[in-house]
Amino acid sequence: KAGVTQTPRYLIKTRGQQVTLSCSPISGHRSVSWYQQTPGQGLQFLFEYFSETQRNKGNFPGRFSGRQFSNSRSEMNVSTLELGDSALYLCASSTTGDYGYTFGSGTRLTVV
Amino acid sequence: AQSVTQLGSHVSVSEGALVLLRCNYSSSVPPYLFWYVQYPNQGLQLLLKYTTGATLVKGINGFEAEFKKSETSFHLTKPSAHMSDAAEYFCAVLRSGAGSYQLTFGKGTKLSVIP
């Protein structure tokens, strides 16, 4: 059974650019969540999608957005990148969300 | 609001010694609790979870945790540390509301195993 797949694994962007990260959940999983991990702030919740609807959003600026497609694949987008957006972005999937999540290996974003 | 506190950002043990990583939570409702492990440059791997039922939960790689409601704790233990256990460990509580779910994580505990 394939796990959660995140692409790309590594990304280097320049301040002011925008970036799109992709996540393919485990087959049959309809809930997809995104987390940001930084040394200073730890793991912080970005948003959760279920059946193409955003159910919840964390405390992040509007530059951070996401969406989920009908096949449950999800993308997150960060516009007008700032140096502080450098982080490991983790995607996690679950059947419905209520029994925990399986995480992908993450996308390491570096903003220069 | 639900939150998680992990005591000790860094724990060192000798190979073969007991591993004890501490986690306390605050929750106004019965919590769902999780331990995840993260190896360098990797995502999070689920070690074990407590939802309902038996309070002693066994996970992968010989780890187990005990849910103690009276102490609001969910400490992670392993009887004998192995070099391959060196990693960062995260305790998390599942928050739910309005049909949505999210994990709230502790700050993490980095485990070093000394040969």
Side-chain angles (χ1 to χ4, degrees), chain A residues 3-10 21 23-26 29-51 53-60 66 68 87-110, chain B residues 1-10 23 25 27 29-53 57 59-60 63 65 67 74 76 87-110:
Chain A
V4 178
T5 303
Q6 291 188 246
T7 56
R9 285 297 310 275
Y10 301 93
L21 311 182
C23 172
S24 293
I26 291 172
H29 284 192
R30 295 165 64 191
S31 172
V32 174
S33 292
W34 290 87
Y35 291 82
Q36 182 197 63
Q37 185 178 25
T38 60
Q41 298 299 316
L43 284 151
Q44 294 185 285
F45 172 76
L46 279 158
F47 22 67
E48 187 224 359
Y49 288 88
F50 183 81
S51 294
T53 300
Q54 186 182 88
R55 294 200 295 194
N56 198 4
K57 189 178 192 317
N59 189 24
F60 279 83
Q68 186 180 35
L88 180 66
Y89 289 89
L90 292 164
C91 169
S93 75
S94 173
T95 48
T96 55
D98 51 346
Y99 285 98
Y101 286 84
T102 301
F103 282 79
S105 296
T107 294
R108 173 78 61 184
L109 172 65
T110 302
Chain B
Q2 293 167 307
S3 66
V4 174
T5 302
Q6 291 184 242
L7 297 175
S9 59
H10 198 166
C23 172
Y25 69 91
S27 175
V29 297
Y32 286 3
L33 295 161
F34 305 83
W35 275 100
Y36 285 89
V37 61
Q38 186 176 36
Y39 298 98
N41 297 316
Q42 294 293 319
L44 301 176
Q45 180 183 9
L46 180 66
L47 278 176
L48 49 79
K49 62 184 177 185
Y50 169 78
T51 53
T52 57
V57 182
I60 62 171
F63 284 93
F67 169 64
F74 191 56
L76 182 71
E88 190 157 19
Y89 293 78
F90 294 91
C91 182
V93 61
L94 186 70
R95 293 174 57 184
S96 62
S100 173
Y101 303 90
Q102 71 180 74
L103 290 166
T104 298
F105 288 90
K107 293 291 188 185
T109 297
K110 191 164 291 187

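Every chain is numbered from 1, with letters handed out A, B, ... down the list of sequences.
Interface remark: A/Q6 contributes no atoms to any contact with chain B (heavy atom separation under 4.5 Å). Looking at A/Y35, only its side chain comes within 4.5 Å of chain B, counting heavy atoms on both sides. Contact of B/Q45 with chain A is not made at all, since no heavy-atom distance falls under 4.5 Å.
With chain B as the partner, the residue from A/F103, A/F47, A/F45 showing the most heavy-atom pairs under 4.5 Å is A/F103.
Ring planes of B/Y89 and B/F63: tilted class, angle from 30 to 60°.
Other residues, nucleotides and ligands contribute over 12 non-hydrogen atoms within 6.0 Å of the NZ atom of A/K57.
Contacts of A/S24 classified as side chain to side chain donor-acceptor pair (under 3.5 Å), with partners at least two apart in sequence or in another chain: none. Every residue two or more places apart in sequence or in another chain was checked for a side chain to side chain donor-acceptor pair (under 3.5 Å) with B/E88, and none qualifies.
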